[in-house]
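When reading the values below, keep in mind they use all heavy atoms of this one structure, side chains included, and skip hydrogens, waters and symmetry mates.
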Amino acid sequence: MGIKVRKPFCLSFKGVPTSLKILCDNVSGAFVLSESLNRLISLVRTKGDETLLNTMIRFYDPLLHCFTYRDFQLVPTLEEFSSILGLPVLDQMPYTGEEEIPKLKDVAAALHLPRSEIKKVWVNKGDYTGLPIDFLYSQVEILINAASMDALEKVLAFLIYGQVLFPRYDKIVDVIATKIFIGNNPVPTLLGDLLHSIHHRSSKGKGYVLGCAPLLHKWFISHLPRSVIKNEEGGTWVQRITRLSYDDIDTTGKKKLFIRAWSKVKKVCTRELGLRNYIPSDIYFRWIYDRVVEYGMPYPSDIPVVPRVTPLVIPVVLEPYVPAPNEDLTATVASLRREKG
């Protein structure tokens with residue numbers, strides 16, 4: 001059965017403003033910052049390679065809601081995003097969109113700034129609601145000169161939320177980013193935004209992916225083997241990614257985390273389900289193969305897409321031991337135990 005090829009498409013991603021990169025470099029070069037802020041700044045410094053991201057998204061499977069490759073699948077998880085950001089997933093309701101607009105006193109408290117200053121610049125024009133970017137940049141400069149670290153870290157983190165994690169407007173940090181910042185539980189929303197936007201835009205084959213492109217880049221790179229990232233052979237991202245297999249992905253060290261998590265899973269009906277096993281079965285590989293063929297994943301003609309099949313192993317049947325009529329069974333058992341010992 002021949003493999004049809006999906007029509008290629010190219011999506012766009014929101015870049016990180018150069019002014020924010022410069023500001024983060026200046027602040028981190030002058031002060032010792034908290035670990036949480038340094039994690040956010042690392043996202044600001046991450047260059048989201050659009051070619052890499054578009055190559056990855058070409059393998060997005062809208063039916064399975066994941067990235068389906070030749071013999072493996074990938075999809076970001078809350079735990080992975082939490083690890084990259086250094087932020088916990090709180091045991092509370094994440095942002096739903098039903099939250100009320102925060103009171104100015106709560107915004108001021110979250111940023112460690114006077115309410116009077118917030119009130120003077122707060123923008124409220126229907127959906128276009130929030131704090132101006134220019135005001136926040138000026139506040140960072142004031143706080144740098146005053147070496148007011150608590151407020152400096154909060155305002156800079158707020159800027160990163162508005163311009164990198166949840167970018168909607170260029171001139172304000174809007175009210176949605178403000179609500180998420182105050183709620184202090186951004187990971188579920190980051191994951192939901194990216195997956196929803198990828199699903200929607202890949203179905204259209206065009207448009208902007210709304211979400212944190214540097215976070216998506218960091219996640220995908222974390223799964224690639226060093227040889228693919230180093231690229232000594234000088235291949236394009238398409239050439240490198242289409243040749244990846246399950247064995248390549250295993251070299252990233254994620255398998256140990258999976259095994260550790262799997263060992264804690266409690267199952268019922270173990271007799272029917274069988275023993276715990278982290279090794280994918282042939283049924284799984286055949287299932288992926290069928291999906292790749294059906295949906296027309298974009299593999300070049302020189303790269304075979306074949307189901308992985310474990311060679312048939314003929315089991316060795318051992319005859320049960322039957323003692324001879326005159327054999328002293330007790331003596332035999334004692335002899336076997338001595339040999340084993």
Fill in: CA sep, side-chain torsions, deciding dist, call: Leu143, Val140, side chain to side chain contact (heavy atoms under 4.5 Å, CB included)
CA-CA 5 Å; Leu143 296 169; Val140 170; 5.6 Å; no
Worksheet item: Passes side chain to side chain contact (heavy atoms under 4.5 Å, CB included), Trp287 versus Arg291? Steps please.
Response: CA-CA 6 Å; Trp287 176 63; Arg291 185 59 189 154; 5.7 Å; no
Fill in: Residues Asp247, Asp71; criterion side chain to side chain contact (heavy atoms under 4.5 Å, CB included); working and verdict
CA-CA 9 Å; Asp247 298 313; Asp71 61 356; 5.5 Å; no
Worksheet item: For Ile241 and Leu52, what are the C-alpha separation, side-chain angles and deciding distance, and is it a side chain to side chain contact (heavy atoms under 4.5 Å, CB included)?
Response: CA-CA 9 Å; Ile241 291 176; Leu52 168 62; 3.6 Å; yes
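The backbone N or O of Pro102 lies less than 3.5 Å from no partner atom in the side chain of Asp106, so there is not a single donor-acceptor pair. Glu80 contributes a side-chain N or O that, together with a main-chain N or O of Thr77, makes up a donor-acceptor pair within less than 3.5 Å. Put simply, the side chain of Thr46 gets close to the backbone of Ser42: a donor and an acceptor are under 3.5 Å apart. Without hydrogens or angle criteria, Arg201 side chain to Tyr208 main chain gives a donor-acceptor distance under 3.5 Å. With hydrogens and angles disregarded, no donor-acceptor distance shorter than 3.5 Å links the side chain of Asn124 to the backbone of Thr129. Listed for the Arg240 side chain is a donor-acceptor partner under 3.5 Å among the backbone atoms of Gly235.
Within the 4.5 Å cutoff, the side chain of Ile133 has no heavy atoms near those of the Asp170 side chain. For the pair Leu131/Leu111, a side-chain contact is recorded, criterion being any heavy-atom separation below 4.5 Å from C-beta on. Between Lys171 and Asp134 the shortest side-chain heavy-atom distance does not fall below 4.5 Å.
Asp150 contributes atom CG, which lies 6.5 Å from atom OG of Ser148 (distance to the nearest 0.5 angstrom). In this structure, the separation between OG on Ser203 and CD1 on Ile198 is 12.0 Å, given to the nearest 0.5 Å. From Trp237, atom CH2 reaches atom CG of Asn231 across 7.0 Å, with rounding to the nearest 0.5 Å. To the nearest 0.5 Å, atom CD of residue Gln163 and atom NZ of residue Lys14 are 8.5 Å apart. A distance of 5.5 Å separates CH2 of Trp219 from NE2 of His223, quoted to the nearest 0.5 Å. Between the CE atom in Met56 and the NE2 atom in His217 there is a gap of 10.0 Å [rounded to 0.5 Å].
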Side chains of residues 176-197: which donor-acceptor partners sit under 3.5 Å, not counting sequence neighbours?
from	atom 1	to	atom 2	distance (Å)
Thr178	OG1	Asp174	O	2.9
Lys179	NZ	Glu99	O	2.7
Asn185	OD1	Leu90	N	3.0
Ser197	OG	Leu210	N	2.7

Which pairs of donor and acceptor atoms, one on a side chain in residues 24-41, lie under 3.5 Å apart (sequence neighbours left out)?
from	atom 1	to	atom 2	distance (Å)
Asp25	OD1	Arg45	NE	3.0
Asp25	OD1	Arg45	NH2	3.1
Asn26	ND2	Ile22	O	3.4
Ser28	OG	Cys24	O	2.8
Ser28	OG	Asp25	O	3.3
Ser28	OG	Arg45	NH2	2.6
Ser34	OG	Ser36	OG	3.2
Ser34	OG	Leu37	N	3.3
Ser34	OG	Glu153	OE1	2.7
Glu35	OE2	Arg39	NE	3.0
Asn38	ND2	Leu33	O	3.4
Asn38	ND2	Ser34	O	3.3
Arg39	NH1	Ser83	O	2.7
Arg39	NH1	Ile84	O	3.3

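Here the closest non-hydrogen pair linking Pro62 and His65 is O-NE2, 3.4 Å. Minimum interatomic distance between Tyr161 and Leu87 (heavy atoms only, all atoms of both residues): OH-CD1, 4.2 Å. Of all heavy-atom pairs spanning Arg58 and Phe9, the tightest one is CA-CZ, 4.2 Å. Taking both residues in full, the closest heavy atoms of Asn54 and Leu11 are given as OD1-N, 2.7 Å, listed atom of the first, atom of the second, then distance. When all heavy atoms are compared, the tightest approach of Arg70 to Leu244 is NH2-O, 3.5 Å. Of all heavy-atom pairs spanning Ser245 and Phe72, the tightest one is C-CD2, 3.6 Å.
Between Phe59 and the options Phe67, Tyr69, Phe220, a ring pair (Phe, Tyr, Trp, His ring centres under 6.0 Å) holds for only Tyr69.
The hydrophobic cluster containing Tyr128 also includes Val123, Tyr169, Ile172, under a criterion of side-chain heavy atoms closer than 4.5 Å among ILVMFWY residues, counted directly or through chains of members.
Taking hydrophobic clusters as Ile, Leu, Val, Met, Phe, Trp and Tyr residues chained together by side-chain heavy-atom distances below 4.5 Å, Ile142 does not share a cluster with Met149. In the hydrophobic clustering of ILVMFWY residues, with side-chain heavy atoms under 4.5 Å counting as a link, Leu43 and Leu78 come out together. Hydrophobic clustering, with ILVMFWY side chains joined whenever heavy atoms are under 4.5 angstrom apart, keeps Ile288 apart from Ile283.
Other residues, nucleotides and ligands contribute at most 12 non-hydrogen atoms within 6.0 Å of the CG atom of Asp127. Shown here is Glu233, whose CD atom has no more than 12 heavy atoms of other residues, nucleotides or ligands within 6.0 Å.
At a cut-off of 3.5 Å, with distance as the only test, a side-chain donor of Gln73 or Tyr284 sits close to an acceptor on the other residue.
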